[in-house]
Number of protein chains: 2
Amino acid sequence: MNLTHIEHLGIAVKSIEAAIPYYENVLGLKCYAIEEVPEQKVKTAFFKIGQTKIELLESTDPEGPVGKFIEKKGEGVHHVAFAVEGLQETLNLVAEKGVNLIDKQPRKGAEGLNIAFLHPKSTFGVLTELCEDPKK
Amino acid sequence: MNLTHIEHLGIAVKSIEAAIPYYENVLGLKCYAIEEVPEQKVKTAFFKIGQTKIELLESTDPEGPVGKFIEKKGEGVHHVAFAVEGLQETLNLVAEKGVNLIDKQPRKGAEGLNIAFLHPKSTFGVLTELCEDPKK
């Protein structure tokens, strides 16, 4: 598999409005976008540090995946996203190796990326996203 | 604060021996070092992807911080470490802004870095490490 870098970290927070001042004023990062992703029932805030984005995730519905995550584990890192070249081939390869896929086919994620998730039961507890930039 | 990139992700696993084949054979990363850190009661395995290291953490004692983390939350991302220039000044600045520090002074971490942890109660749930490379 050709993983190039960590594309982003998804971090579950109760309120992005409450968390943004910490990321901006303490860590010194700049929130460059806020985006709502209705199909994931989240509102997201984006920051960039080096090669990696930080994506704060606030649930817009307690029954959504991030709402359930916070209820179970509290605020914290929700998923790790790796940048990959050739997403569909990668998914096929990963499935052949016995990894349980949440998405068998790539779908559209935030910022126009093609994305797919691997199940944390197959990845030693880390909900793992693979992202491909279709413009590259 | 001058954060340059994500230095590493600390990922808690029950067994690094069990997890290494996933990181190597599925994700295609290479384990380049295994190190025991007795004061943290962990055994660690290191991988590199882009600017960032992945540090698998296996507890050598159920009462150690990683052992307790796994008992409470299961396997998964344990901490996020940012590379910073000027660690002591940064800690002073962060404390002035009201962040609760686990380490008020830098201490030695893995790979010869100077490190300090911020308390997750002040960082919206993410156990946060700041790292400075004394050779830079």
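Heavy-atom basis, side chains included; hydrogens, waters and symmetry copies ignored. Here is the naming used below: chain letters follow the sequence lines, and residue numbers restart at 1 for every chain.
Between B:Glu7 and B:Phe82 the shortest side-chain heavy-atom distance does not fall below 4.5 Å. Within the 4.5 Å cutoff, side-chain heavy atoms of A:Ile11 are placed close to those of A:Tyr23. Using a 4.5 Å heavy-atom threshold, the side chains of A:Thr4 and A:Val84 count as separate. In this structure the side chain of A:Ile20 reaches within 4.5 angstrom of the side chain of A:Phe47, judged on heavy atoms. Annotation: side chain of B:Ile34 is not in contact with side chain of B:Phe46 (no heavy-atom distance under 4.5 Å).
Scanning residues 57-74 of chain B against chain A with a 4.5 Å non-hydrogen threshold yields B:Lys73, sorted by number.
Listed for the A:Glu132 side chain is no donor-acceptor partner under 3.5 Å among the backbone atoms of A:Glu85. Checked by atom type and distance alone, the side chain of B:Thr52 pairs as donor or acceptor with a backbone atom of B:Ile6 at under 3.5 Å.
When the candidates B:Lys48, B:Gln51, B:His78, B:Lys14 are compared by the number of heavy-atom contacts under 4.5 Å with chain A, B:Gln51 comes out ahead. Each of A:Gly28, A:Gly98, A:Pro120, A:Ala18 has some count of heavy-atom pairs under 4.5 Å with chain B, and the biggest count is that of A:Ala18.
The environment of A:Lys30 atom NZ is sparse: at most 12 non-hydrogen atoms of other residues, nucleotides or ligands sit within 6.0 angstrom.
Only the side chain of A:Leu9 comes within less than 4.5 Å of a heavy atom of chain B; its backbone N, CA, C and O stay farther away. Contacts of B:Val80 with chain A are made by side-chain atoms alone, with heavy-atom separations under 4.5 Å and no backbone atom involved. For chain A, no part of B:Leu130 is nearby; none of its heavy atoms comes within less than 4.5 Å. In this structure, the portion of A:Leu118 lying under 4.5 Å from any heavy atom of chain B is its side chain and not its backbone. If you measure heavy-atom distances from B:Val26 to chain A, the contacts under 4.5 Å come from both the backbone and the side chain. Looking at B:Leu27, the atoms closer than 4.5 Å to chain A (heavy atoms on both sides) sit in the backbone and in the side chain alike. Heavy atoms of B:Ile54 lying under 4.5 Å from chain A belong exclusively to its side chain. Within the 4.5 angstrom heavy-atom criterion, no atom of B:Ala83 approaches chain A.
Shortest non-hydrogen contact noted between A:Asp133 and A:Leu113 is CA-CD2, 3.6 Å.
Applying the side chain to side chain donor-acceptor pair (under 3.5 Å) rule to pairs touching residues 103-129 of chain B yields B:His8-B:Glu129, B:Tyr32-B:Glu111, B:Lys53-B:Glu111, B:His79-B:Glu129, B:Asp103-B:Arg107, B:Lys108-B:Asn114, sequence neighbours excluded.
B:Asn92 and B:Glu96 form no side-chain donor-acceptor contact under 3.5 Å, judged by distance and modelled atom types alone.
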